Amino acid sequence: MDIVQNLKKVEERIRKAALRVDRDPSEIKLLAITKTHPVEKIKKALEFGIEYIGENKVQEAEKKIPELKGLYQEFHFVGHLQSNKIKKLIPLKPVLIHSLDKLSTIRKLQNYLEKNQMEQDILIEVNTSGESSKFGVLPDRTMSLVSEAAQYERVHIKGLMTIGKLTEDRKEIRGCFCHLRELFHKIEKQNFPNVSMQRLSMGMTNDFEIAIEEGANIVRIGSAIFGPREY
């Protein structure tokens, strides 16, 4: 598995996808999803240009992030966050949590942050595919959730995240990303306090080029860089 060559190929695909829709490739953040991969493999990727890494399990991040300290520019948490894991995740200092979808979890996050005199940037995860297997607030509830969450001054909403539909139908996948972009702009126009719509996190190894064409500025890519999951 040649991580260096894989990384070059992914970066070139990002560049071409951006240029197809007259976007600046430099505005798209490549988040390398390191879940299941050992620290040694991640260190190699960091040596060759990866700056941003993402984990989706708190327990795994607790083991790996301290070993990688000082080697990455940003750590993002992309998995579903259970409220009982907040006190374990926040000390790892994630720059961005991509996956909040319940007011109750946001409230508990606010309480933890207030107690510890901290602040945290988050994205709201939206289930644009309608698949029951996926987390995320439903699109027609997203505006309401953002409005209610805006009252928690230590939790800063920076945008939206979604996972494209698991299908070979590229039109359906594109529809998920288009829907999220439209929601993003609707929320942006509301000028909610404590909400700054900056980030659209969408697109993974199988569909990130479509996501870029639909406005993603964070793409979450794992296997195209690191190969199949280790376990």
Side-chain angles (χ1 to χ4, degrees), residues 14 17-18 20-24 27-31 33 52 54 56 76-81 94-107 109-110 120-167 169-221:
I14 289 172
R20 277 198 297 272
V21 288
D22 296 319
R23 295 184 63 194
D24 180 355
E27 73 181 30
I28 297 155
K29 181 173 289 191
L30 168 57
L31 183 65
I33 304 303
Y52 314 110
N56 80 324
H76 294 209
F77 186 73
V78 300
H80 183 68
L81 180 59
V95 167
L96 191 61
I97 300 173
H98 288 228
S99 43
L100 276 293
D101 63 0
K102 289 186 175 63
L103 190 64
S104 58
T105 309
I106 293 171
R107 185 185 303 116
L109 177 58
Q110 162 73 18
Q120 179 65 53
D121 290 348
I122 71 162
L123 304 180
I124 298 296
E125 181 174 3
V126 184
N127 185 340
T128 54
S129 71
E131 294 167 296
S132 60
S133 58
K134 288 187 170 69
F135 291 107
V137 61
L138 294 175
D140 61 2
R141 282 280 304 140
T142 303
M143 183 75 74
S144 175
L145 176 60
V146 171
S147 174
E148 293 169 326
Q151 67 182 296
Y152 298 115
E153 70 279 358
R154 292 186 179 272
V155 181
H156 308 300
I157 297 172
K158 296 295 184 180
L160 305 176
M161 182 270 256
T162 199
I163 299 173
K165 191 168 186 177
L166 184 61
T167 176
D169 188 331
R170 311 300 271 181
K171 187 175 180 181
E172 285 195 58
I173 295 169
R174 187 177 297 277
C176 293
F177 298 148
C178 181
H179 198 169
L180 194 75
R181 173 171 45 80
E182 290 171 352
L183 265 176
F184 179 94
H185 290 305
K186 285 179 183 177
I187 294 168
E188 189 176 38
K189 289 176 182 177
Q190 298 301 312
N191 292 314
F192 291 122
N194 201 34
V195 175
S196 175
M197 301 301 280
Q198 299 173 6
R199 294 295 181 188
L200 262 177
S201 172
M202 53 190 195
M204 300 190 291
T205 288
N206 294 328
D207 56 20
F208 70 87
E209 287 148 311
I210 301 173
I212 289 169
E213 291 170 359
E214 293 300 327
N217 55 22
I218 300 179
V219 291
R220 310 179 304 273
I221 301 176

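Quick caveat: nothing in here was measured; it's all calculated off a predicted structure. Heavy atoms only: backbone and side chains are in, while hydrogens, waters and symmetry mates are out.
- In terms of heavy atoms, C176 sits closest to T128 at CB-OG1, 3.3 Å.
- L96 approaches I218 most closely through the heavy-atom pair CD2-CD1, 3.9 Å.
- Here M143 contributes atom CE and I124 contributes atom CD1; the two are 12.5 Å apart, rounded to the nearest 0.5 Å.
- Counting only heavy atoms from C-beta outward, the side chains of R107 and Q110 never approach each other to under 4.5 Å.
- Scanning all heavy atoms of the two residues, the minimum distance from V137 to D101 falls at N-CB, 3.5 Å.
- A salt bridge links E214 to R174: one of the charged nitrogens lies within less than 4.0 Å of a carboxylate oxygen.
- Among the candidates H98, K158, K29, the single residue satisfying the side-chain hydrogen bond (donor to acceptor under 3.5 Å, both in side chains) test with S201 is H98.
- Side chains of K134 and L166 form a contact here, defined as non-hydrogen atoms less than 4.5 Å apart.
- Of all the heavy atoms in N127 and F135, the pair that sits closest is CB-O, 3.6 Å.
- L100 has its side chain out of reach of V155: every pair of non-hydrogen atoms, C-beta onward, lies at least 4.5 Å apart.
- Atom OG1 of T142 is separated from atom CG of L183 by 5.0 Å, given to the nearest 0.5 angstrom.
- Under 3.5 Å, the side chains of R141 and S144 contain a donor-acceptor pair of N or O atoms.
- Inspection of the S133 and E131 side chains reveals no N or O donor paired with an N or O acceptor under 3.5 Å.
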Task: Derivation of the side chain to side chain contact (heavy atoms under 4.5 Å, CB included) call for F208 and I14 - done: CA-CA 8 Å; F208 70 87; I14 289 172; 3.7 Å; yes
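- Listed for the N56 side chain is no donor-acceptor partner under 3.5 Å among the backbone atoms of G79.
- E182 places no side-chain N or O within 3.5 Å of a backbone atom of H179 that could act as its donor or acceptor partner.
- Here NZ of K186 is found 9.0 Å from NZ of K189. Values are rounded to the nearest 0.5 Å.
- Checked by atom type and distance alone, the side chain of E125 never pairs as donor or acceptor with a backbone atom of M161 at under 3.5 Å.
- In this structure, L109 CG and K102 NZ are separated by 14.5 Å, a value rounded to the nearest 0.5 Å.
- Taking 4.5 Å as the limit, some side-chain heavy atom of L145 sits within range of a side-chain heavy atom of L103.
- To the nearest 0.5 Å, atoms CG (L180) and OG (S129) are separated by 11.5 Å.
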Open item on the list: Could you go through I157 and I187, starting from their C-alpha distance and side-chain angles, then the distance that decides it, and tell me whether this counts as side chain to side chain contact (heavy atoms under 4.5 Å, CB included)?
Closed with: CA-CA 11 Å; I157 297 172; I187 294 168; over 6 Å; no
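- Here D207 contributes atom CG and T167 contributes atom OG1; the two are 11.0 Å apart, rounded to the nearest 0.5 Å.
- Across R220 and T162, no two heavy atoms sit closer than the pair NH2-O, 3.0 Å.
- Judged by distance alone, the side chain of Q120 and the main-chain N or O of P94 form a donor-acceptor pair under 3.5 Å.
- Heavy atoms only, all atoms of each residue included: M202 and A216 are closest at O-CB, 3.4 Å.
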